Amino acid sequence: MKNGDHLFLVDGSGYIFRAYHALPPLNRKSDGLPVSAVLGFCNMVWKLLQDARNTAVGVVPTHFAVIFDYSSKTFRNELYAEYKANRSAPPEDLIPQFGLIREATRAFDLPCLEMEGYEADDLIATYARLAREAGGDVTIISSDKDLMQLVGPNVSMYDPMKDRQIGIAEVIEKWGVPPEKMIDLQALTGDSIDNVPGVPGIGPKTAAQLLETFGDLDTLLARAGEIKQDKRRETIISNAENARISRELVRLKDDVTVADPLGDLVLQSPDGQKLIAFLKAMEFSTLTRRVAEATGTDIAAIESAKIAVESGAEAHGPDVGAGQPQVRAAAPQPGNAGPATTGAGPAVTDTPQTPAMLATARAQAVVGATIERTGYACIRDLATLEQWVAEARATGIVAFRTETTSLDPMRAEPVGFALAVGPGRAAYIPVGHRASAADLLGGGRTDNQIALNDALSALKPLLADRSVLKIGHNLKYDWLMMHRLGIDVAPFDDTMLISYVLGAGTGSHDITALAERWLGHEMIPFKEVIGSGKNLITFDLVDIERATTYATEGADIAIRLWQILKPRLTADGLVSVYERLERPLVPVLARMEERGISVDRQMLSRLSGEFAQRAGALEEDVYTAAGERFTIGSPKQLGDIMFGKMGLPGGSKTKSGQWSTTAQLLEELAAEGYELPRRIVDWRQLTKLKSTYTDALPEYIHPETKRLHTSYALASTPTGRISSSEPNLQNIPIRTSEGRRIRTAFIADKGNKLVSADYSQIELRVLAHIADIPQLRQAFADGVDIHAMTASEMFGVPVAGMPSDVRRRAKAINFGIVYGISAFGLANQLSIPREEAGAYIKKYFERFPGIKDYMDSSKQMARDKGYVETIFGRRIHYPEIRSSNPSVRAFNERASINAPIQGSAADIIRRAMVRMEDALREARLSARMLLQVHDELIFETSEEEVEATLPVVKKVMENAAMPAVSMVVPLHVDARAADNWDEAH
DNA sequence: AGGTTGACATA
DNA sequence: GTATGTCAACCTT
């Protein structure tokens, strides 16, 4: 080791306990092996190896070692027999993890050090001294106060759970003494956990004050008679010997004769194969994937390592069942235990034996609990808030929701925050309630509220604490709110998304519906709180008592729903759908919403004017032709005039008995030479474009960002597609030339370009994959025109020189297939007789029998199981598929044919979106993802980076199904850049 | 004031 | 034939 080298010393034993208690006991192997501490350890080590520069440490290590306690007996027991005597045995489900963490260390190719008779802390002290003397720097990965005595100019500590560095200043800040006086301070305060006696009645504050006055422990003991306070003087004098013994117990031994020289601690790059074999055996899928990507290793090619679970708490007992992982804890614990079982020690023996049984038991327990709104607290001062935050951090799980002035998180101002740390234990923190709206000068804020900034400072360590799980309902809203306020909420669960994964297609996932369904509880309707119509008020004007009841109920219900629903994910095998396709999209979509997109307001305004003028001219023509003035926009009036008064040949009637006046019908009449229907169709197009786009979009431009911010809904479609609203940016016109002019108003900022990347024929490719159709596979592999190929197969027409109408019919059939074709629908689409459409379908099924098989099996699965699945395992439920109403049944059958296709395509682009930001960051590109339109992603990037960005975007999208699904047809993405959306697409 | 209908924009 | 969201007109409350 030389000058400039940097040694990382990981306190392995300390980390085990801390990770075990801080992390929810989530991570168990399929066989029940408890591994949450192992996962926490592996994630921490991997992060430090891979990305130490981006942590609070900020430097890359050259040397690295993980250090463990050998056993509980050390030289300190000879000094003081009672040392650590009241340590109880470790929790039963922690025991197998001691050995596993040592295995993990070896799998990372890191030195794994321990020595008989010494604690890990002594080895750390020794190596820290050796490194310091060799001219290197040291970082101790631990937050244990027992190690703080080692901190100095070249030695600091790092708390990986809080991503916080602990140097000299931090020690002084926390303990009131510099690191070199920590030994004396601990000698005075003692340590109840380690059974270090110290001096009774002396805590850290008094100890620091005494050391400040007397300098050090020896001086203090020598001059104890000078202490003014009678009681304190007496206890110190009578406990002087205890203090001296304590000093020897807490003083770390930095001259242990170590077996491994510093040179052996040089950091090696990990062997991907060995590491992945271990991670795979642990079933740490996310980390395995990360490591595989970083080391360029093929996961599939590596077999899981055989991990023997050692029996002893300190890993030196005989192996149990070598070669196979063994379950040590007697009873499986809930995979996703609620607060009641967090860190609760050994499992009780009568817990349910399977995830499904657990889920049922959990639901019964929660449903049985009464929901009393009277227990809700209102937090009015910072000290009380700090207590709640501390309780939440100790529990490790907290439900959280924000109350604001608007449903639009880009315009909302915070009004209050609600927390729930357990069922019925909830509190509301008002920060922005006002007495009246009349006061325009900003006064009128009601008394006894915590200032917003104080509340945020208190909440931030909780909301950003990676060891505390935050639970929300529709958390994207709260995430974006908090992000605007400078807080990154993580980690989190979203009960709306869990419910969506469990039951897409079974009804609403809003919190009031779920409370009703799962808890039989009727929540206070939002409308009852804020009123409606002319009595509508913003939440800041709701009186605090009422707000408290409403907001805390929301948090309370969220945590109860989480307790019921989260275990069901495991029971139903839907954990990975939730964790890979839903949850990670929350911050991704929130950032897209926050970025927004620029539009050219002048261009939209000019278009509005032009559309108005042309529509006006058409109106006059229509009135002249009709012989009277009427409301053209009223289908009822229009139908009466055209088909009643004027006697044009009408078509069908709508279900309410009105004449149908759809564009398709009017087009047909226009083709027969009638003037009026043509004008109506044109008028409708212009007024539609004007009202929905050129007039409406500018209203949505944000006053501060000057951009358009849509809102995405993650749980609004049964198939897994996301939807966009206020404004809907997924239905911006493209088909007509007039419509496309609206697209040209979507622009990049100066110096930037818009990039559009869209999947080519993704749904037909998914169909070719699922149904495994040879001709389709071949056509996509060869890159031929898929509709022309279909036409050629069906009508025997060669692809070269094919008439456009033949291709058009084939295209309609292909679309029809994806939509769960019916002769009625196809006939309608192609304006041909039902019999002819039926013949087409029959012919199609003869040419592609695999498609018929797919359709039949989809329907059958929906009937048998009540749901169908995408290729990634997302379920879409069809509870009405057995309806006795034939049209309801037929509708459900068509939907169950379409859902796996539409849903798999939706899953693919979700996967691309989840990976996109990291991929761009790794490629050092600044492109920002702005919009998603089902099979298309829109980015904004600087002009210089356009060429480098296109291939990265393309690659992520085309490989998005991998490695979960290896598709039998390639995915193809077209990507282009331009100044506006029309040209980029 | 709020909900429903028919029409039409997108994938 | 699938999946959405928004608008104007109209009807109910």
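Letters A, B, ... are given to chains in the order of the sequence lines, protein chains preceding strands, and every chain is numbered from 1. Owing to the predicted nature of the structure, the values given are computational and were not obtained by experimental measurement. What you see below is based on every heavy atom in this structure, not just the backbone, and it leaves out hydrogens, waters and symmetry mates.
Among the protein residues, Ala837(A) comes within range of no part of the nucleic acid, since none of its heavy atoms lies under 4.0 Å from any strand. Backbone-only contact: Val933(A) has heavy atoms under 4.0 Å from sugar-phosphate atoms and none from a base. Gln829(A) comes within 4.0 angstrom of a base, heavy atoms only. Heavy atoms of Gly633(A) sit under 4.0 angstrom from primed sugar atoms or phosphate atoms, though from no base atom. Here Ala713(A) lies out of heavy-atom contact (under 4.0 Å) with every strand.
With hydrogens and angles left out, the side-chain atoms of Asp695(A) and Ser608(A) include a donor and acceptor closer than 3.5 Å. With 3.5 Å as the limit, one finds a donor-acceptor pair spanning the side chains of Gln860(A) and Asp864(A).
Judged by distance alone with a 3.5 Å cut-off, no donor-acceptor contact links the side chain of Lys655(A) to the base of dT5(B). For Lys688(A) and dC8(B), a side-chain-to-base donor-acceptor distance below 3.5 Å is present, hydrogens and geometry of angles not being considered.
When rounded to the nearest whole Å, the span between NE2 of His934(A) and P of dT4(C) equals 10 Å. One interatomic measurement links the two molecules: CG of Asp695(A) to C1' of dC8(B), which rounds to 16 Å at whole-angstrom precision. Atom CD in Gln658(A) sits roughly 15 Å away from atom P in dA9(C) (whole-Å rounding). Atom CD in Glu936(A) sits roughly 12 Å away from atom P in dT10(B) (whole-Å rounding). One interatomic measurement links the two molecules: CG of Leu686(A) to P of dC8(B), which rounds to 13 Å at whole-angstrom precision. In this structure, Tyr759(A) atom OH and dA11(B) atom P are separated by 16 Å, rounded to whole Å. Remark: P of dG5(C) and CG of Leu697(A) are 16 Å apart, rounded to the nearest angstrom. Rounded to whole Å, the distance from CD1 on Ile632(A) to P on dA7(B) is 15 Å.
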Is there a side-chain contact (heavy atoms from CB on, under 4.5 Å) between Tyr500(A) and Leu714(A)? Walk through the geometry before answering. CA-CA 9 Å; Tyr500(A) 178 58; Leu714(A) 265 166; 5.7 Å; no
Hey, mind stepping through Glu983(A) and Arg976(A) against salt bridge (Lys or Arg N to Asp or Glu O under 4.0 Å) and telling me if it holds? CA-CA 8 Å; Glu983(A) 288 168 40; Arg976(A) 255 194 303 281; over 6 Å; no
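Relative to the side chain of Gln685(A), the nucleotides dA8(C), dA9(B), dA7(B) differ in distance, and dA9(B) lies closest. Closest to the Ser656(A) side chain, of the nucleotides dC7(C), dG1(C), dG6(B), is dG6(B).
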Do any side-chain atoms of residues 660-667 of chain A form donor-acceptor pairs under 3.5 angstrom with protein atoms, and if so which ones, sequence neighbours left out?
residue, atom, partner, partner atom, Å
Thr661(A), OG1, Arg684(A), NH2, 2.7
Gln664(A), NE2, Asn828(A), O, 2.9
Glu667(A), OE1, Arg678(A), NH1, 3.2

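Judged by the 6.0 Å distance and 45° axis criteria, Arg910(A) is not positioned over the aromatic ring of Phe872(A).
Looking at residues 878-904 of chain A, you'll see that no heavy atom sits under 4.0 Å from any atom of DNA chain B. For the contact set between residues 714-743 of chain A and DNA chain B, defined by any heavy atom under 4.0 Å, the members are Arg721(A), Gln730(A), Asn731(A), Ile732(A), Pro733(A), Ile734(A), Arg735(A).
Contact annotation: the side chain of Val914(A) approaches that of Leu585(A) to within less than 4.5 Å [non-hydrogen atoms, C-beta and beyond].
The distance between the ring centers of Phe891(A) and Tyr878(A) does not fall below 6.0 angstrom.
Residue Gln637(A) places at least one side-chain N or O under 4.0 Å from the OP1 or OP2 atom of dC10(C).
Ring planes of Phe630(A) and Tyr623(A): perpendicular class, angle over 60° (limits at 30 and 60°).
Salt bridge annotation for Glu846(A)-Lys842(A): present, with a cationic side-chain nitrogen under 4.0 angstrom from a carboxylate oxygen.
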